[in-house]
Visitor: 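One structure is given below, represented as structure tokens, and several questions about it will come after.
Worth saying up front: this structure is predicted, and the values here are computed from it rather than measured.
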Amino acid sequence: MDADACRKEGFMLKSRWRWAAVAATCAMAVSLLVVVPASPAAAAYFGETSWDALDSAGDSQPSSDQAPVQAYNSGNRHQIWVWRGETSNRIWMQGQYYGSPLGPIQQIPNAQTPSAPAAVGVQNGFVILHRGNDNRIYYATNVGYRGISADNFSQWLPITTNNGTHFITTSDTPAIVEIGGRVVVAYRGETSSRIYTVDGSFYFTGGEAGEPRISWSNNVATAAYSSVGPGLANYAGTLYLFWREFNAIQFMARFPGGGWPNGRNEIPGSAGRVGGSGRPSAAANGQYMMVGWLGYQSAANDNAHSIWRSRFIGGSGWEAPQEDANRWHTYRSVTVVAVSVYFAMLMIGARDRIIYDKVVFRT
């Protein structure tokens, strides 16, 4: 693909965000951080940086109209970025092997989506999800270490349950998380606002050298209802489901061997700080879990929405929600990702439609 095509459909990632290599160069990385000064209304976390445009050779790239996703595999430290093209429904990706330069931007074949895709690192590969134009949820995977270029992923297959007789459909971006070498997908129903989950386990056609596939359990209806898609996180083996309801960020937990409860909890302080049509995004690593979401509109920022986040610390609970330390705004969902020793966030600039990212905090 030539540079002009990349500018039109996606973005190139700047080399400084080779986060997979951070663990080996942590001391050097810390010295390069530009910490945002704290303020009473918008305090910075430890190690937090300013927003910076994702670019290549100083050339910022236009975004899609949906937040991109970044997936990190903690086992082999590879990572991928996946996004919806700026001027079409096509899906694009870029991969990076641990300790190597970023790979080329590639279009993932045979896939179009009206929503942002989703992705997760699992076993020694990745799973990518997208909502098709028929509202079915499709997946492709390279589990079995098939490489991280677009050609290394399996064909797109729909998520089906009831022995393949029922297609899982949605009206928004699904969420996916790894737990115990398996995956769990959460999604908003196509014709209702109810949130459902479905669990998947891996197998291979024709033995280990065959195509990777996922066997899906029957879907489960939760007690959650939302006007937008959900978020998921695996916190120390416990699944956390996040959704937007009652003008706040709600959550529930599914403990190992159990099911989703009928009750719900609210992130303390999130009420009244939720706005827009963006879904929440969550990630967990070690004793920390972070959730990001869109807040109120600002007339001074072309009616774009503020960006909020809340952090959970094991043994301490939820901290008070904070507005983005830089007080930036966006029209679309933000994406939270845990990468090695960092939590990061990706967003789309409200005025220039450029992809920006930042380190939110360093563990």
Side-chain angles (χ1 to χ4, degrees), residues 20 68-84 90-98 103-113 115-132 134-161 163-164 166-170 173-187 196-219 229 232-234 239 283 335 337-339:
V69 63
Q70 180 181 355
Y72 175 74
N73 191 304
S74 60
N76 53 28
R77 303 184 193 178
H78 301 337
Q79 57 187 332
I80 60 172
W81 291 260
V82 188
W83 65 95
R84 179 174 175 259
R90 291 181 291 182
I91 300 175
W92 299 82
M93 69 162 288
Q94 188 169 29
Q96 182 186 36
Y97 294 100
Y98 173 63
I105 292 177
Q106 300 176 320
Q107 180 189 341
I108 302 178
N110 305 316
Q112 291 191 349
T113 181
S115 304
V120 68
V122 57
Q123 296 189 26
N124 53 7
F126 297 91
V127 176
I128 301 174
L129 298 181
H130 79 274
R131 169 194 170 201
D134 56 4
N135 288 333
R136 293 176 179 176
I137 301 177
Y138 293 86
Y139 77 91
T141 178
N142 67 344
V143 165
Y145 198 70
R146 302 161 56 89
I148 54 175
S149 70
D151 295 336
N152 297 135
F153 281 80
S154 66
Q155 61 180 296
W156 290 104
L157 293 170
I159 296 180
T160 59
T161 61
N163 295 319
H166 175 69
F167 292 92
I168 298 298
T169 58
T170 186
T173 296
I176 184 169
V177 71
E178 178 274 340
I179 183 165
R182 300 174 292 105
V183 291
V184 178
V185 174
Y187 63 95
Y196 298 81
T197 63
V198 59
D199 291 47
S201 301
F202 293 92
Y203 70 97
F204 292 85
T205 62
E208 288 296 316
E211 281 274 315
R213 295 285 191 274
I214 301 177
S215 175
W216 300 97
S217 66
N218 291 339
N219 61 326
L232 270 178
N234 171 7
L239 281 176
T335 300
V337 60
V339 182

Visitor: Mind telling me whether W216 and Y139 have parallel, tilted or perpendicular rings, with 30° and 60° as the class edges?
Guide: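 The arrangement is perpendicular - the two ring planes meet at more than 60°.
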Visitor: When rounded to the nearest 0.5 angstrom, what is the spacing between NE2 in H78 and CG in N76?
Guide: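 H78 NE2 to N76 CG: 4.0 Å, rounded to 0.5 Å.
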Visitor: Does T335 reach the side chain of Q70, with side-chain heavy atoms less than 4.5 Å apart?
Guide: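 Answer no - side chains too far apart.
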Visitor: Does R131 form a side-chain contact (heavy atoms from CB on, under 4.5 Å) with Y138? I'd like the steps, not just the answer.
Guide: CA-CA 6 Å; R131 169 194 170 201; Y138 293 86; over 6 Å; no
Visitor: Going from OH on Y72 to CD on Q96, what distance comes out if it is rounded to the nearest 0.5 angstrom?
Guide: 10.0 Å
Visitor: According to ring-ring contact (aromatic ring centres under 6.0 Å, His included), who are the partners of Y187, at least two apart in sequence or on a separate chain?
Guide: Y196
Visitor: Quick one: are T197 and L239 in side-chain contact, heavy atoms under 4.5 Å?
Guide: no
Visitor: To the nearest 0.5 Å, how far apart are CD1 in I108 and OG1 in T113?
Guide: 11.0 Å
Visitor: Walk me through whether V185 and I168 qualify under side-chain contact (heavy atoms from CB on, under 4.5 Å).
Guide: CA-CA 10 Å; V185 174; I168 298 298; over 6 Å; no
Visitor: Would you check if the side chain of S201 reaches a backbone N or O of R182 as a donor-acceptor pair within less than 3.5 Å?
Guide: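 Here the side-chain-to-backbone pair does not exist.
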Visitor: Between N152 and F126, does the side-chain contact (heavy atoms from CB on, under 4.5 Å) criterion hold? Intermediate values first, please.
Guide: CA-CA 11 Å; N152 297 135; F126 297 91; over 6 Å; no
Visitor: Flag the pair F202 / V183 as yes when at least one side-chain heavy-atom distance between them is below 4.5 Å, and no otherwise.
Guide: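 The answer is yes, as the side chains (C-beta and beyond) meet within the 4.5 Å cut-off.
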Visitor: Counting C-beta onward and ignoring hydrogens, is there a side-chain heavy-atom pair between P68 and W81 closer than 4.5 Å?
Guide: no
Visitor: State the CD1-CD1 distance between I159 and I214, to the nearest 0.5 angstrom.
Guide: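 Spacing of CD1 (I159) from CD1 (I214) equals 7.0 Å.
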Visitor: Taking all atoms of both residues into account, what is the closest heavy-atom pair of S115 and R84, and its distance?
Guide: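 For S115 and R84, the tightest heavy-atom pair comes out as O-CD, 3.4 Å.
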Visitor: Output the distance between atom CD1 (I148) and atom CD (Q94), rounded to the nearest 0.5 Å.
Guide: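 Reported value, rounded in 0.5 Å steps: 9.5 Å.
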Visitor: Within the distance-only criterion (no hydrogens, no angle test), does the side chain of D199 pair as donor or acceptor with the backbone N or O of V184 below 3.5 angstrom?
Guide: no
Visitor: Measure from the side-chain N and O atoms of Y97 to the backbone N and O of G147, and report whether any donor-acceptor pair falls under 3.5 Å.
Guide: no
Visitor: What is the minimum heavy-atom distance between Q123 and G181, and which atoms define it?
Guide: NE2-O, 3.1 Å
Visitor: State, to 0.1 Å, how close P174 and I137 come at their nearest heavy-atom pair, and which atoms those are.
Guide: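 For P174 and I137, the tightest heavy-atom pair comes out as CB-CD1, 4.0 Å.
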Visitor: Check whether any side-chain heavy atom of T173 sits under 4.5 Å from a side-chain heavy atom of V69, and report yes or no.
Guide: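 Side-chain contact under 4.5 Å: no.
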Visitor: Would one find more than 12 heavy atoms of other residues, nucleotides or ligands at under 6.0 Å from atom CG of N218?
Guide: yes
Visitor: Quick check: closest heavy atoms across W156 and H130, and the distance to 0.1 Å?
Guide: CZ3-ND1, 3.2 Å
Visitor: Quick check: do V198 and S217 have side-chain heavy atoms less than 4.5 Å from each other?
Guide: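 A side-chain contact under 4.5 Å exists here.
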Visitor: So, for A119 and I80, which heavy atoms are closest and what is the spacing to 0.1 Å?
Guide: CB-CD1, 4.3 Å
Visitor: Answer yes if the side chains of E211 and Q155 hold a donor-acceptor pair under 3.5 Å, and no otherwise.
Guide: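 No donor-acceptor contact under 3.5 Å links the two side chains.
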Visitor: What verdict does the side-chain contact (heavy atoms from CB on, under 4.5 Å) test give for I176 and V122, after you've listed the backbone C-alpha separation in whole Å, the side-chain angles of each residue and the deciding distance to 0.1 Å?
Guide: CA-CA 11 Å; I176 184 169; V122 57; over 6 Å; no
Visitor: Please indicate whether N110 has more than 12 foreign heavy atoms, meaning atoms of other residues, nucleotides or ligands, lying under 6.0 Å from its CG.
Guide: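 Open.
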Visitor: Show the nearest heavy-atom pair for residues I91 and V82, with the distance to one decimal.
Guide: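 Smallest interatomic distance, heavy atoms only, reads CG2-CG1, 3.6 Å.
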